[in-house]
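Here the structure is laid out as C-alpha cells; the discussion comes afterwards.
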Amino acid sequence: MEHGDNQIVVVDENGNEQLYEILYTFESEEFEKSYVLYYAAGADDSDDEEIEIHASSFIPGAEGKAGDLLPIETDEEWDMIEEVLNTFLDEQEDHED
C-alpha cells in the first residue's frame, strides 16, 4: 500500500496498481490493529450506483515508506468493521441534514 493524503495505491494479485480514496481509518484496541475503509477513486462521481467499500487492516510504513494492507481474518473483525462503518455513515448523514 502506498498512500497520499486521502488516497492509496493498491497492487492487486495480478500486479496491477489501482487508485483508491480513503474513506476512514481507525484503530481497534480489541484486535490491536489499525484499519482502513476505502473505495475505488472516482466511484463517488456517479450518483447512479452504490459504492463498493473495501476494508483491510494495515501496518503503517516507516516515514516516507508504503505500509502493508492485510486481509481481515475473522468474522468478529468483519462484525466490528461493519458496526464502525454504519456509525460513520450515520454521522455523515446527520451532518448533511
Side-chain angles (χ1 to χ4, degrees):
M1 174 181 91
E2 295 178 20
H3 60 89
D5 291 337
N6 294 320
Q7 296 180 328
I8 57 174
V9 174
V10 178
V11 180
D12 68 16
E13 61 273 356
N14 297 321
N16 300 315
E17 292 184 352
Q18 298 189 5
L19 184 63
Y20 289 90
E21 299 283 338
I22 295 174
L23 178 66
Y24 188 65
T25 60
F26 64 96
E27 294 184 19
S28 168
E29 290 182 15
E30 178 182 356
F31 294 103
E32 298 180 346
K33 293 181 183 178
S34 297
Y35 295 90
V36 60
L37 303 174
Y38 53 99
Y39 58 92
D44 59 346
D45 294 341
S46 172
D47 294 332
D48 297 339
E49 20 181 297
E50 198 170 295
I51 296 173
E52 182 179 0
I53 298 174
H54 304 274
S56 297
S57 62
F58 72 94
I59 300 171
E63 190 172 326
K65 301 215 178 188
D68 292 316
L69 289 178
L70 304 170
I72 306 303
E73 298 175 341
T74 66
D75 289 340
E76 291 80 9
E77 281 182 283
W78 279 116
D79 291 343
M80 179 271 305
I81 290 167
E82 188 173 323
E83 187 176 316
V84 168
L85 176 60
N86 289 334
T87 300
F88 174 79
L89 294 175
D90 287 346
E91 288 175 2
Q92 294 303 307
E93 285 179 14
D94 289 345
H95 285 78
E96 291 176 5
D97 292 337

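Quick caveat: nothing in here was measured; it's all calculated off a predicted structure.
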Looking at every non-hydrogen atom in both residues, tell me the closest pair between [X] and [Y] and how far apart they are.
X   : Y   : result
I51 : A43 : CG1-O, 3.8 Å
F31 : M80 : CD1-CE, 3.8 Å
E21 : A41 : CG-CA, 3.8 Å

In terms of heavy-atom contacts, does CD of Q18 have more than 12 from other residues, nucleotides or ligands at under 6.0 Å? yes
Can you tell me if CG on D90 sees more than 12 non-hydrogen neighbours from other groups inside 6.0 Å? yes
In the structure I gave you, are the side-chain heavy atoms of [X] and [Y] within less than 4.5 Å of one another anywhere?
X   : Y   : answer
D79 : E83 : no
E76 : E30 : no
L69 : Y38 : yes

How long is the gap from [atom1] on [X] to [atom2] on [Y], to the nearest 0.5 Å?
X   : Y   : atom1 : atom2 : answer
I81 : I72 : CD1   : CD1   : 3.5 Å
L23 : I53 : CG    : CD1   : 5.0 Å
L70 : F58 : CG    : CZ    : 10.0 Å

Among all residues two or more places apart in sequence or in another chain, which pass the ring-ring contact (aromatic ring centres under 6.0 Å, His included) test with F26? Y24, Y35
Would you find a donor on one side and an acceptor on the other, under 3.5 Å apart, between the side chain of D12 and the backbone of N14? yes
Listed by chain and number, what are the side chain to side chain donor-acceptor pair (under 3.5 Å) partners of S57, not counting sequence neighbours? none
